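If you're wondering where the values come from, they're calculated on a predicted model, not measured in any experiment. Reminder, nothing fancy here: chain letters follow the sequence lines and each chain counts from 1.
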Amino acid sequence: MTVTFLRTSLAAAAISLAAGLPAGAVDISGAGATFPYPIYAKWADTYKKETGNGLNYQSIGSGGGIKQIKAKTVTFGASDMPLKPEELREAGLVQFPTVTGGDVPVVNLEGFKPGELVLDGPVLAKIFLGEIKSWDDPAIKKLNPKAKLPSQAVVVVHRSDGSGTTFIWTDYLSKVSPDWKSKVGANTAVEWPAGIGAKGNEGVANNVLQTKGAIGYVEYAYAKQNKMTFADVINKDGKRVAPNAQGFRAAAANADWANAPGFYQILTDEPGAKSWPIAGATFILMHATPKDPAAASEALRFFSWAYEKGGKQAEELDYVPLPDAVVALIKKTWAAEIKGADGKPLLN
Amino acid sequence: MCRAGLAGMAPTTESDRENAVANPMAIDNAGPGSAEARLAKALVGFKLRDNAFHSLTLAAAWMVLILLGGVIAALVVGSVPAVMAFGLNFLSTAMWNPVTEQFGAMAPVYGTIVTSLIGMAIAVPSALGIAIFLTELCPYALRRPIGIAIELLAGIPSIIYGIWGLFVLAPFLQEHVLPGLIAAFANVPVLSGLFAGPPYGIGVLTAGIILAIMVLPIVSSISRDVFETVPAVLKEAAYGVGCTTWEVVRSVVIPYTRVGLIGGVMLGLGRALGETMAVTFVIGNAHKISPSLLSPGTTISATIANEFTEAVGDLYTSALIELGLILFVITFFILAISRYLLMRLNQREGQ
Amino acid sequence: MAIYDTRLRRDKFYLGLCYVAVAVGLGWLAIILATLLFEGIRGISPAVFTQMTPPPGSEGGLLNAITGSLIMTFLGVALGTPLGMLAGTYMAEYGRHSKLTIFVRFINDILLSAPSIVIGLFVYEVMVVRMGHFSALAGAVSLAVIVVPVVVRTTEDMLLLVPDPLREAASALGLPRAIVIGKVAYRAARAGLITGVLLAIARISGETAPLLFTALNNQFFSTNLNAPMSSLPAVIFQFALSPYKEWQQLAWTGALLITLAVLAISIAARVLQMGRPGK
């Protein structure tokens with residue numbers, strides 16, 4: 001009885017394994033930022049339908065993306081915190097941006113519709129420092145004179161993992177609050193003075209949705225997809241801006257891609273009446289001489305396709321695709337820097 | 001094969017039989033092709049197979065030891081960079097800053113111990129109550145089903161408890177229980193610090209409650225097994241002099257099974273200390289030590305689960321592995337003590 | 001009579017507490033199972049078993065996760081059971097009274113209850129870093145490391161239950177030790193041994209932590225052992241911590257599937273055990 005059972009189960013397993021083997025499709029592996037995950041996932045789905053090649057992207061946070069690409073366990077890493085040119089040189093990596101997006105503060109307050117609440121940099125810093133503990137604090141009331149703010153405790157939600165989204169957020173707070181800059185600083189993972197930690201943009205969104213009185217920060221696509229209540233922010237020019245592609249594009253217009261080695265650009269607190277103050281680009285990291293040239297070429301082909309055909313899907317999620325001039329610069333970088341073992345560029 | 005061996009042994013003729021019985025040594029001197037020769041070959045084959053099997057099983061037993069040794073070795077080797085960088089300060093610092101590469105284990109260790117203690121404080125009395133019920137109060141027909149139900153529930157994967165805690169327990173606590181708790185203790189001198197703070201819903205207390213629910217089936221089934229070893233004679237003697245059920249339990253059953261109960265409790269504690277998935281969902285992931293039970297914290301396993309795949313830099317990874325080593329050492333000791341105690345109970349039973 | 005009344009009152013009080021403990025304890029568990037059933041059944045549909053895990057915001061199924069779990073569980077058991085059975089055989093047969101056995105039994109019980117996340121770290125250090133990438137094979141190995149102690153324990157216990165006269169009778173017929181074990185002891189303990197394997201399967205079906213650092217996850221269907229593979233617990237972990245309603249529903253449904261599988265296997269193991277005569 002045992003023998004027959006074992007035999008049949010072995011046969012069944014073998015058959016299912018054989019049936020499941022895909023026919024010659026190349027699977028690219030990537031890991032990193034949760035900031036662009038919604039659009040990368042959409043692109044991967046469409047790309048697989050069009051070409052049959054799959055992109056397995058694990059959104060484990062920018063910190064994870066940097067670690068995994070340095071350890072060469074994935075074809076490309078994704079990070080919203082750009083690495084400085086010295087770091088790139090040291091690790092033998094090439095960096096290029098894909099889209100621009102923005103961090104938005106999201107709240108869980110009853111009776112507030114998206115965009116009704118308005119906050120500014122210094123107030124946000126005080127909230128995240130734990131100095132503003134209740135929603136009916138005078139500082140918030142000053143910015144929202146007509147709103148009915150409940151006397152509810154503020155529950156801060158931040159990231160528990162290494163995150164480029166955190167980098168963009170804390171960079172902004174460091175620029176608008178000297179207190180924040182000296183006490184906490186800006187990086188992918190910081191010592192948060194208050195609040196609960198959640199994993200990924202998804203975790204922060206989930207926690208804010210579940211906890212009354214919560215405030216967190218997520219990339220805008222997450223707020224949009226989950227119909228969360230976001231707050232407007234007052235930008236550098238003193239104007240109240242709502243988070244959307246227009247605001248992100250206005251902020252990105254200040255970027256000087258051509259003169260930035262490694263495309264290193266930080267887009268927080270940018271001037272401009274319409275600029276969203278907490279915008280940022282998201283980057284891809286690949287090895288200059290990849291371990292697996294076939295997978296790397298396939299990855300480059302995927303990004304090429306995304307630049308050409310993925311713009312519309314990006315815009316649907318309020319990400320800002322890069323201008324054509326920048327895409328041309330990126331492709332030149334590929335040809336110049338990403339090479340196979342024989343020294344020839346992987347993608348022409 | 002067995003039959004062939006036997007057939008090879010069976011003498012085929014009357015004279016052969018007499019020969020084999022009268023002169024066993026004839027086997028060694030037998031000519032090729034005869035029954036004795038076949039027998040000799042079969043016996044040699046047996047011996048080889050025997051030795052091979054013996055060696056195989058011995059090797060397997062050693063492999064189990066090597067496996068544990070390998071786990072410890074991998075953890076120790078992985079922690080070396082962190083140990084060399086921080087030394088003993090690792091255990092006394094609460095700071096966890098991946099940017100400046102300053103790591104301290106105090107917050108995760110504190111969280112692990114506090115959540116487990118809360119879990120045990122809730123689970124142990126309940127488990128004892130359930131065990132007493134099953135051995136003394138329950139109608140006989142229901143004993144088997146309820147006992148089996150509890151054991152089946154011990155097998156439910158911990159991630160189920162985690163998502164239930166996140167989606168059902170935490171919002172419930174945040175809305176209905178915690179505000180009342182905070183208000184009730186607001187003016188009590190010492191306890192107000194213990195129950196202070198905004199009602200997050202998730203936090204150390206919630207994690208403790210989830211651990212209690214997880215550990216309950218284990219401790220109650222061991223307690224029930226242990227209670228059943230009390231000789232009926234002892235209990236009947238106590239009933240005979242007029243003790244009430246509770247007095248019998250308190251004065252006869254529990255003292256008799258004290259050692260086994262402690263063993264079971266420690267086993268549950270070991271499980272609670274190492275629990276990952278159930279706790280990660282509801283602990284709040286804050287590398288902080290707060291006096292309040294309602295605030296978020298972190299445990300060793302939750303920290304590792306959340307941060308390992310993205311720990312950049314050798315020191316960060318090494319610090320996480322050192323955390324894993326600390327956890328393993330703590331659970332090793334707790335489990336070793338519990339096994340020792342349960343072994344002593346078995347010895348008393350003469351098993 | 002006053003003392004007697006006090007004693008009676010105390011008795012009723014504490015026994016009442018016991019009833020409360022049972023009600024509360026079993027009540028919690030009943031609530032959890034009921035929630036699981038309620039939330040999980042809402043998502044059950046043929047799509048769950050035929051479609052892959054979707055990108056955020058779209059509908060989909062759990063096919064790649066279920067397949068991944070099946071493959072890695074099967075491999076984990078296939079790798080761990082022979083080792084466990086052989087070790088348990090040594091402890092019960094050849095080494096019944098040796099010091100090594102006492103040592104191994106002790107160590108084995110420690111491994112049995114060791115935190116599974118530590119096992120995941122171990123396999124990460126030993127396999128993933130060496131190989132340079134995450135793989136389903138590493139995931140299967142970490143599951144195997146969890147299977148071994150369970151199988152060792154049950155094999156030893158079940159073999160020790162086989163009465164010695166059976167073995168002695170077989171030896172008296174002149175059978176070598178290996179055959180005595182193989183044909184007599186194993187056959188007599190067969191139901192118990194299978195129970196042990198079933199319990200091991202139930203145990204690893206729900207394990208998440210070790211898979212997080214070894215097999216990672218994969219949103220596409222893959223049977224490639226040398227690449228990251230999806231698994232139900234890893235998918236539940238990712239989906240439950242997200243804000244997307246479709247993902248959360250799939251997480252509940254996946255959790256229900258795992259629980260049903262674990263319960264079914266545990267019940268099967270029990271039925272096997274009860275069917276043996278003389279237990």
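- Only the side chain of Arg339(B) comes within less than 4.5 Å of a heavy atom of chain C; its backbone N, CA, C and O stay farther away.
- Only the side chain of Ile258(C) comes within less than 4.5 Å of a heavy atom in chain B; its backbone stays farther off.
- Across every non-hydrogen atom of Leu335(B) and Ile110(C), the tightest pair is CD1-O, 3.8 Å.
- Pairing each heavy atom of Phe237(C) with each of Ile159(B), the nearest pair is N-CD1, 3.9 Å.
- Atom CH2 in Trp28(C) sits 5.0 Å away from atom CD1 in Ile213(B) (nearest 0.5 Å).
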In sequence, state the C-alpha distance, the side-chain angles, and the governing distance for Thr89(C) and Leu56(B), and then conclude on side chain to side chain contact (heavy atoms under 4.5 Å, CB included). CA-CA 10 Å; Thr89(C) 308; Leu56(B) 194 60; over 6 Å; no
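- Heavy-atom distances place both the backbone and the side chain of Ile163(B) under 4.5 Å from chain C.
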Please walk me through it: do Trp62(B) and Leu100(C) pass side chain to side chain contact (heavy atoms under 4.5 Å, CB included)? CA-CA 8 Å; Trp62(B) 274 107; Leu100(C) 177 65; 3.8 Å; yes
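- Going from atom CG of Leu68(B) over to atom CZ of Phe106(C) covers 10.0 Å, rounded to the nearest 0.5 Å.
- Here the CG atom belonging to Asn108(C) is positioned 9.5 Å from the CG atom belonging to Leu65(B), to the nearest 0.5 angstrom.
- By number of non-hydrogen pairs under 4.5 angstrom with chain C, the leading residue of Val71(B), Leu67(B), Thr331(B) is Val71(B).
- Summarising the geometry of Ala60(B) relative to Ala87(C), their closest heavy-atom pair is CB-N, 3.4 Å, with the distance given to 0.1 Å.
- More than 12 heavy atoms of other residues, nucleotides or ligands lie within 6.0 Å of CZ in Arg42(C), so this atom counts as buried by the packing criterion.
- Note on Met63(B), Lys47(B), Met277(B): by heavy-atom pairs under 4.5 Å with chain C, the leading option is Met277(B).
- Nearest approach of Trp164(B) to Trp252(C), heavy atoms of both residues: CA-CH2, 4.1 Å.
- Contact count versus chain B (heavy atoms, under 4.5 Å) is highest, among Thr208(C), Leu199(C), Val262(C), for Thr208(C).
- Taken to the nearest 0.5 Å, the CG atom of Leu241(C) stands 8.0 Å off from the CG atom of Asn306(B).
- Residue Ser301(B) touches chain C through both its backbone and its side chain, counting heavy-atom pairs closer than 4.5 Å.
- Looking at Leu121(C) and Phe308(B), their side chains come closer than 4.5 Å, going by heavy atoms from C-beta outward.
- Most heavy-atom pairs under 4.5 Å with chain B: of the set Ile32(C), Thr259(C), Leu29(C), this distinction falls to Ile32(C).
- Side-chain atoms of His54(B) and Tyr90(C), non-hydrogen and from C-beta on, do get closer than 4.5 Å to each other.
- Around the CZ atom of Arg143(B), the shell of radius 6.0 Å holds more than 12 heavy atoms that belong to other residues, nucleotides or ligands.
- Neither the backbone nor the side chain of Leu325(B) comes within contact range of chain C, judged by heavy atoms closer than 4.5 Å.
- More than 12 heavy atoms of other residues, nucleotides or ligands sit less than 6.0 Å from atom OH of Tyr186(C).
- Interface check for chain B: of the options Ala255(C), Ala202(C), Gly206(C), Ala240(C), the most heavy-atom pairs under 4.5 Å are formed by Ala240(C).
- Heavy-atom neighbours of Arg144(B) CZ from other residues, nucleotides or ligands within 6.0 Å: at or below the threshold of 12.
- Between chain B and the options Leu8(C), Ile236(C), Val180(C), Leu212(C), the largest number of non-hydrogen pairs under 4.5 Å is found for Ile236(C).
- The choice from Thr276(B), Leu137(B), Ile132(B) that makes the most heavy-atom pairs within less than 4.5 Å of chain C is Leu137(B).
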Given Trp246(B) and Lys12(C), is the side chain to side chain contact (heavy atoms under 4.5 Å, CB included) satisfied, shown in steps? CA-CA 8 Å; Trp246(B) 171 248; Lys12(C) 284 208 177 58; over 6 Å; no
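- Using a 4.5 Å cut-off between heavy atoms, Glu93(C) does not touch chain B at all.
- Of the listed residues Asp109(C), Leu83(C), Leu111(C), Val104(C), the one with more heavy-atom pairs under 4.5 angstrom with chain B than any other is Asp109(C).
- Looking at Val168(B), the atoms closer than 4.5 Å to chain C (heavy atoms on both sides) all sit in the side chain, from C-beta outward.
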Stepwise side chain to side chain contact (heavy atoms under 4.5 Å, CB included) check, Leu267(B) with Ser113(C): CA-CA 8 Å; Leu267(B) 195 66; Ser113(C) 312; 4.1 Å; yes
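- For Ile150(B), the part lying near chain C is the side chain, with the backbone staying farther off; criterion is any non-hydrogen pair under 4.5 Å.
- Among Glu136(B), Arg250(B), Glu275(B), Glu247(B), the residue making the largest number of heavy-atom pairs under 4.5 Å with chain C is Glu247(B).
- For Ile181(C), the part sitting under 4.5 Å from any heavy atom of chain B is the side chain, from C-beta outward, and nothing else.
- Minimum heavy-atom separation, Thr245(B) to Asp11(C): N-OD1, 3.4 Å.
- With a threshold of 4.5 angstrom between heavy atoms, Ile304(B) approaches chain C through its backbone and through its side chain.
- Note on Leu263(C), Ile31(C), Thr101(C), Val118(C): by heavy-atom pairs under 4.5 Å with chain B, the leading option is Val118(C).
- Interatomic distance, CZ of Phe133(B) versus CG of Leu15(C), reported as 11.0 Å (0.5 Å rounding).
- Between chain C and the residues Phe328(B), Tyr340(B), Phe167(B), the largest count of heavy-atom pairs under 4.5 Å involves Phe167(B).
- Closest approach of Gly129(B) and Ala21(C) over heavy atoms only: CA-CB, 4.0 Å.
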